[in-house]
Amino acid sequence: MKFAVIVFPGSNCDVDMYHAIADELQEEVEYVWHDEENLDRFDAILLPGGFSYGDYLRSGAIARFSNVMKAVQKAAEEGKPILGVCNGFQILLEAGLLPGAMRRNNSLKFICRPVSLKVENNETMFTSSYEQGEIITIPIAHGEGNYYCDEPTLKRLIENRQIVFRYHGENPNGSLADIAGIVNEKGNVLGMMPHPERAVDVLLGSADGLKLFQSIVKYWRETHVITA
Ligand SMILES: NC(=O)CC[C@H](N)C(=O)O
């Protein structure tokens, strides 16, 4: 299985993401610069965190016009797993691949610390290795993580079980309904503010993020017959 880590000017979690896939998950992974137009050779696409284009206008608002985003859109339509973490999530929202928008944290401060999350839906290609309702520890690091959408959208998210992770115990940023991560209707595009790639080894404080990447591999193996 081959992963792409998309790199925008200002990405700063691309190396963490690469490390998580190459060294902890031990799968093939390649950095892909934002002007790439073809992602056909990849099985899963990862949009890492950071400050693409310096967060000018709004986080992700400029990156979403990159050439590579047309290829990400195509990969999403083909049903490939697409994961956007933090700034990656913000770019997916700006690109319209996920519903809703991100606002400044209600404290107006950048927050960087581990948080507790509840796995709200373990029947997705990203969460099948977790228990339903499992409480996990994953770090956050953002200034704009205050997820918002209108009421009909929230209703749809709840009805379709598109809320995958919620903050547990304490909501660090004021996000609507404690939302920390959502999938699209089809279930193959996940955006989340917490950073699973920073929680892939107990030496980092938590290995709870690893199961997310393992779930993607499990899904891919179950849906692809290996003939070699
Ligand atoms: N770690 C990140 O991806 C940061 C995201 C974004 N720049 C913010 O501060 O909200």
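Indexing begins at 1, ligand by ligand and atom by atom, following the structure's order. Just so it is clear, the structure is predicted and the values come from calculations on it, not from any experiment. Counting begins at 1 with the first residue of the sequence.
Among Glu144, Arg104, His142, Gln90, the residue whose heavy atom lies closest to atom 6 (C) of ligand 1 is Gln90. In the candidate list Cys112, Ser52, Gly50, Gly50 is nearest to atom 4 (C) of ligand 1, counting heavy atoms.
Between Lys118 and Asp178 there is no salt bridge, since no side-chain N of the basic residue sits under 4.0 Å from a carboxylate O of the acidic one. By the 4.0 Å N-to-carboxylate-O rule, Asp16 lies close enough to Arg198 to be salt-bridged with it.
Polar contact check, Arg198 against ligand 1: no nitrogen or oxygen pair lies under 3.5 Å apart. The N/O atoms of Gly143, backbone and side chain alike, include one that comes under 3.5 Å of an N/O atom in ligand 1. For ligand 1, the polar-atom distance check finds no N/O of Phe51 at less than 3.5 Å from any of the ligand's N/O atoms.
Listed by number with element, the atoms of ligand 1 under 4.0 angstrom from any heavy atom of Gly49 are 3 (O). Residue Phe110 approaches ligand 1 through these ligand atoms, each under 4.0 Å from one of its heavy atoms: 9 (O).
Phe51 and Met192 are members of different hydrophobic clusters when ILVMFWY side chains are connected at heavy-atom separations under 4.5 Å.
Aromatic rings from Tyr53 and Phe8 are positioned such that their centres are separated by 6.0 Å or more.
Using a non-hydrogen distance threshold of 4.0 Å, His195 registers as a contact of ligand 1. Using a 4.0 Å heavy-atom cutoff, Gly145 is absent from the residues neighbouring ligand 1.
For the pair Arg113 (side chain) and Ile140 (backbone), a donor-acceptor distance under 3.5 Å is absent.
Using a 30° and 60° split on the angle between ring planes, Tyr130 and Phe165 fall in the perpendicular class, above 60°.
Side-chain contact check for Glu94 and Gln90: no donor-acceptor pair (N or O, by modelled atom type) lies under 3.5 Å.
Taking atom 7 (N) of ligand 1 as the reference point, the nearest protein heavy-atom neighbour is Asp55 OD2, 2.6 Å.
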